[in-house]
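For reference, the structure discussed in these notes is given below.
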Amino acid sequence: MSMIEIKGLRKEYPDVVPLKDVNVSIDEGEIISIIGPSGTGKSTYLRCINRLETPTAGSILVDGVDVCNPKTDLTEVRRKMGMVFQSFNLFPHKTIAENIMMPQMDILGISAKDAYAEAVRQLERVGLDGKARKFPHELSGGQKQRAAIARALAMHPKIMLFDEPTSALDPTMVSEVVSVIKSLAGSGLTMLIVTHEMRLARDVSTRVFYMDEGGIYEEGTPEQIFGTPQREATRRFVFRIRSYEYTLTSSEHDLIELLGGLDDFCGRQFMSRKAARNCMLAAEEMCSAYLLPALRSSEDGTITVRVSVSEENGEQTIEAEYSGIDGDLFEKTDDEISSAIFKKITQRLPDEREHLVRFRILV
Amino acid sequence: MINHTKTISAERFLAFLLCAAVIIAMLAQLIPAFFMPIKAEATEGAVPEFKTFADLTGKTVAMLTGAPFEELVLEKNPDVKEIQYFSTPTDMILALKTDKIDAFLANNAAASMMVNQDSTLAVFPESLEDTDFGFAFKKGDPAREKWQAAFDSLSRERIDELWDAWIGTDESKKILPEQDWSGANGTVKVAACDSVPPMCYAGNNGELVGFDIAVMLEIARVLDVHLDFTGMEFASVMAEVESGKAQVGSGSFVLNEERRKLMDFVTYHEASYVMLVRAEDGGISAQQTASVQQTASVQKTVTVPEYTSLSELNGRKFGLVNGSPFAEIIESKVSDVDEYLYFSSIPDMALALKAGKIDAFLTGDTVADTMISEDAGLAAFPIPFGELEYAFALQKGNPMTKQWQNACQKVGEERIQELYEIWLGTDDSKKILPEQDWAGANGTVRVASGDNVPPVSYVAENGRLEGFEIAVLLEMAKELDVHLDFTGMELSSLLTSLQTGKVDISNSCLAVTEERQKALDLVSYRKGSYVLVVRAKEKTVTAPEFSSFADLDGKTVAMLAGAPFEEMVREKNPDIGGVQYFATVADMQLALQTGKIDAFVTNNAVAAMLSNQDIGLAVFPESLGDTYYGFAFKKGDPLRDEWQAAYDSLDQERISELWDIWLGTDDSKKVLPAQDWSGANGTIKVASCDSLPPMSYAGENGEPTGFDIAVLLEMAKVLDVHLDFTGLEFSGIMAEVESGKAQVGNGSIMMTEERKALMDFVPYHEASFVLIVRAAEQTVEQPTFADSLKASFERTFITDARWKMILLGLLRTVIIAICAGVLGTLLGFGLVLLRHQNNAVTNKLIAVYSSLITGIPVVVILMVLYYIVFGKLDAPAMVVAIIGFTVIFGARAYGLIWNAVTAVDTGQREAALALGYSEKLAFRRVILPQSRSLYFQPLKIQMVMLLKETSVAGYITVLEMTRAVDLVRSRTMEAFFPLITAAAIYFVLTWLLTKLISTAEQYLEKKHEQRKIKGVD
Ligand SMILES: Nc1ncnc2c1ncn2[C@@H]1O[C@H](COP(=O)(O)OP(=O)(O)O)[C@@H](O)[C@H]1O
Ligand SMILES: [Mg+2]
């Protein structure tokens, strides 16, 4: 039986619709990592699940309870879900121990003594023994986030929702939080983790959701998503591909501008001198060997040249996307020398998209 | 550390206030010294202030009444400002010295003498006209030729020698020869003026002396005749010669065309009209200033109203108590009111009056009399503003009105008058209110009383209401067998309380007016009158130098020539140094002022006038003898009885009013009525003395005027006769009446036994012979600043245990502030919780409430609550005040807390919700506690403001600090201590409150710091 069952979830804001139609089913004990560019509705998705946001449409069953039903006692549902926020949201006027005790006492009706014992236990679990009497402002970011996790755990939830738990942290503190989260894996908790920590996602997840375009754009095992993402956006995201684009509309176009921009781009990506030189060369030769002649022979053709580099593995590609031009751009050329150079430093890659030819730039 | 600095700053602040007060007081005492004129040395040469006629442009020139010089002056300079007429040269000298006039005309003889005697005077170098002095003879009298021939035979040197002697200052040379020649050619009667020195005047023993007399004696020697002189008024001389009673007339007659037509003259000296003016840089005027200073030190001040005539009230500012309908009454008498200023109590108006913020205010006589008698700075305007009735007010149509009116009658006018005298009296031991020990079977009646209207109703030291009206009301309550429940409040609140039904009766020296009768049921209980209260002018009354007859040992006493006072004086003290006789009162006055004599005898009218004039003279306290002034009638004249009846019908008050006017210094009031009655019963001839101010004297145009004349005219009006006055010398009056030429004689004639034997009189005023002496040179003790401060302190705090009242007020202030602060904060929290529910209806209600409260002034809110919301309920004012301030503070606390709450990070709410908190619980447990740091400071400031704002609770009759201080202030009529005290107390209170809240804050912080976990540690 699935722990979370979402059907046709839609969330509209006055000016954006972050979630268009989300359908998903998550089983008990599953650890879901949710990745994706910012602003794609990951937080909204999580917040819909514990009803911090009210969905516009669709249904969400959590542990068999429809959280969208107005009759549902939300506090009851939320009690089953712990949530960890990017900005910790510890209660600043209470000590760490009280932060953890207060909800237990207020909501579960647990005595101060028991709540305190639980607080101490949870703090030990997240490696914060001895910080019970500190105030939140006296802790570092990583410690605060671990305290926040302890506070959520103390309520003994079935589900843990993490919304970018490490995003507000200094890089040095990320690992301490990550390891706490990792340690939770396998404890039977169902976890949904929105994160930009790809290693965390790869290491702990049973499934990875890539969110984009108003929904779960691609999902799969960590191996699938991080190894062989099927869809372009996923790929660009997973491999952290950065691109430079230039659109040519006539053969008279000044290549200097294209190459100048590309030079800047290469500089910004901190490419090696050699890699940058190859990029420039590939672009220049592609234009003179194929693109400019093609534009010359067509009425209103446009070609977009896109040079991409993956920050993940350093792979460089160059592609040409064209319209208004008949036939294969790369079939024939007038400039044999350029063509020869281009072919020497590139390797054509298969691509399912039409009017698009893609090459890997060899280094 | 922080507390320590705060203590010091508070002390410094108080010290600063005190220092400032001391400095201001010292400055105020120094200022007069700065402006005191510097005493100048007298200069020898009398250089005239003006030298050409052109210099007289815009100046005032004076001359004797009836003198034909006006044209002469105007011919020389048509631009003189004004011509004034005086009856004696002495008056003109005085007027000239006091800058009332700038020059006066005199003949060369008088001028030379005056200049010789008085270095502040100088002769204007240009003469107006040159002519001669002459002795008068009846037209065509052959004796004139003989006299002229005799004069011509005299040597010019001898004449000049005499001239110099009589004009000069050396009295020893002014000696007349005995008439030791045979007088073979008979005796010639000479009528001589007795008041034109140096030519012709009464000497020390009443005998006639002067240059004229000297020359005539020389002539008489030649003619070998004896001269028989009769002294008289100038105006009578010519008539005397004309009628043949005397053959020769003398009186420094300056010859002019007119006189020459009437009489023949023997010219005996050059005459010219000259003008006397002030000497330049007159040293004496500086001396005069000094002598005024000297007298100033012995003057004691009495309260005289600053304004005494209606015309002076034009363009003034008047004070009104809020809601009093007196503007109309004021305007019925005063045509041009500048502005009305409104006050909440009568004592406030009195303070404003003294501070010069207003010039007068109208009130009932009850309040006015007490105030004026207690405060030397206030005085009653002398003209009454009409009658009034005092009443208690009930709501219109109250069925009880009749019963109360009956009760009032039962108490009776007599008893009310008795109470009036007790409560307005000075014996405080009698001012006791009865206990309400009657059954009270007919219930309890609520009374709203002015709490600041001494003596009719005011808050006593024990905080209870007291006063005349309270006493009357209690008497009435006893009659009705009801109990009274008094509430003191401001005047402006009284009628509101009544109309809103908060109380049944209201009282505060309420005057019945038409308007009020329309709006209220009035139970009138006493008649009174409106009094306009004005500032008192510091008028000086001088203590006499001598105060018992024994003091007069060896002193010189003067009296008018021929007056029978010598024996009277000697009877009282046979050891007086001597008696001197003078021709006029003015001379005696001058002699007294210059120390030539030590006292002179005159009648009480003259005495009163002189002592009113502020010239360093005082009335000797013991009288020489009492009698009456009387109008003289021929013995047995039946007219007398008619006039007596007419006099008896006059209002005595009117007589004393006239007395005050004519003896006073305000000349503008000395106006006689026109004889505009029909005069159907004929015309009566009156012989009036024309030289006895203030009773009977020649006015500016020579017409008889004075108190006598004023009384005579009142009587004439009753008798419907016209009076035809003839002015003449005093000695001529009785003869005139005796001879039947006049039917009535007047001239402040004192009814001595001797005179009563000769004539019949209508007595018209008490008269007495009194002595005028110099004002004593006493040093009036100026209280030191410290003493007056101490006295002021005592009045403010110690007298009548006023500190108790202030303390009680302080207690109330604290109670209101604490209750409203605590309850208001709770209310604020309640509203915040309600607002958090986010119900559309309650949200709207809260918004309306909070914008209403913040949009209406505190005072108005309180009054609305008191008079309207709780109008019918019998809620004590204290409770209403607490409710009011709670409501006000609640709105503010709500605003502050709600703002703080919305400023708390939304992440906190989400975290709480995610943990399973409900919205409500999250708000209470997480959001609200966190917002504390955001609202705490502003709330603290609001609390301090609240404390200060409680000072307006006085508007709804709560006797809190400010009101208590106001009451003390109105009782003491002093602002310094009460206000400084109020300022200091409020300062200390707010400081304490701030400290208290800060301590609480620190306690919470400390607890926070301790990290104690509740239920664990
Ligand atoms: N309360 C809100 N009101 C309006 N727009 C919102 C609100 N919350 C989020 N959004 C918008 O919805 C989109 C998705 O937001 P979010 O779920 O926070 O994205 P992510 O967490 O993936 O970065 C964004 O464009 C954001 O601007
Ligand atoms: Mg997000």
Side-chain angles (χ1 to χ4, degrees), chain A residues 43 46-47 49-53 73-108 110-117 119-120 132-135 138 148 151-152 154-157 159-161 163, chain B residues 829 832-833 836-840 896-939 1000-1017:
Chain A
S43 300
L46 277 197
R47 292 156 60 83
I49 292 172
N50 77 346
R51 276 299 307 278
L52 284 180
E53 300 288 352
D73 181 2
L74 285 178
T75 59
E76 200 72 32
V77 183
R78 285 177 185 146
R79 217 177 286 170
K80 293 182 198 157
M81 291 181 271
M83 185 156 185
V84 174
F85 298 86
Q86 180 178 342
S87 51
F88 329 128
N89 292 350
L90 288 171
F91 305 140
H93 60 300
K94 298 279 181 191
T95 57
I96 298 301
E98 284 171 309
N99 259 279
I100 301 170
M101 292 162 66
M102 214 170 80
Q104 297 182 62
M105 293 158 69
D106 286 347
I107 294 154
L108 305 177
I110 288 170
S111 76
K113 283 235 155 57
D114 295 346
Y116 184 71
V120 170
R133 303 290 173 130
K134 296 279 184 203
F135 281 101
E138 292 167 322
R151 180 174 69 179
M155 299 296 287
H156 299 292
I159 302 164
M160 280 291 284
L161 307 172
D163 190 358
Chain B
F829 274 111
V832 164
L833 290 176
H836 181 253
Q837 306 241 310
N838 214 6
N839 175 306
L896 289 174
I897 298 167
W898 185 249
N899 263 346
V901 157
T902 51
V904 171
D905 181 20
T906 51
Q908 295 292 320
R909 167 183 161 262
E910 289 176 355
L913 291 185
L915 283 163
Y917 278 87
S918 65
E919 287 278 5
K920 254 193 235 173
L921 199 60
F923 187 72
R924 282 204 339 252
R925 300 281 297 150
V926 178
I927 316 278
L928 215 46
Q930 282 185 52
S931 65
R932 199 189 76 206
S933 61
L934 295 171
Y935 66 70
F936 203 83
Q937 285 301 324
L939 201 63
E1001 202 177 3
Q1002 278 162 10
Y1003 168 77
L1004 289 175
E1005 212 146 88
K1006 214 169 182 180
K1007 214 172 142 191
H1008 187 69
E1009 275 305 300
Q1010 281 174 346
R1011 298 157 200 266
K1012 277 214 170 131
I1013 298 171
K1014 212 172 141 193
V1016 176
D1017 296 317

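The chains referred to below are lettered A, B, ... by the order of the sequence lines, with proteins before strands, and numbering in each begins at 1.
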Identify which part of [X] has an atom lying under 4.5 Å from any heavy atom of chain B, answering side chain, backbone, both or neither.
X: A:Phe88; result: neither
X: A:Met101; result: side chain
X: A:Met155; result: side chain
X: A:Leu74; result: neither

Open item on the list: Show the nearest heavy-atom pair for residues B:Ala911 and A:Phe91, with the distance to one decimal.
Closed with: CB-CE2, 4.2 Å
- [ ] Taking the side chain as every heavy atom from C-beta outward, state whether A:Met102 and B:Val926 have any pair of such atoms under 4.5 Å apart.
- [x] yes
Between chain A and chain B, which donor-acceptor atom pairs come closer than 3.5 Å, counting both backbone and side-chain atoms?
residue   : atom : partner  : partner atom : Å
B:Gly907  : O    : A:Asn89  : ND2          : 3.0
B:Gln908  : NE2  : A:Leu90  : O            : 2.8
B:Glu910  : OE1  : A:Arg47  : NH1          : 3.0
B:Glu910  : OE2  : A:Arg47  : NH1          : 3.4
B:Glu910  : OE2  : A:Arg47  : NH2          : 2.9
B:Tyr917  : OH   : A:Met102 : O            : 3.4
B:Tyr917  : OH   : A:Asp106 : OD2          : 2.6
B:Arg925  : NE   : A:Asp106 : OD1          : 3.2
B:Arg925  : NE   : A:Asp106 : OD2          : 2.8
B:Arg925  : NH2  : A:Asp106 : OD1          : 3.4
B:Arg925  : NH2  : A:Asp106 : OD2          : 3.4
B:Arg1011 : O    : A:Arg133 : NH1          : 3.2
B:Arg1011 : NH1  : A:Arg133 : O            : 2.7
B:Arg1011 : NH1  : A:Glu138 : OE1          : 2.8
B:Arg1011 : NH2  : A:Glu138 : OE2          : 2.6
B:Asp1017 : OD1  : A:Arg133 : NH1          : 3.2
B:Asp1017 : OD1  : A:Arg133 : NH2          : 2.8
B:Asp1017 : OD2  : A:Arg133 : NH1          : 2.8

Open item on the list: Please classify the contact between B:Leu921 and chain A as side chain, backbone, both or neither, with a heavy-atom cut-off of under 4.5 Å.
Closed with: side chain
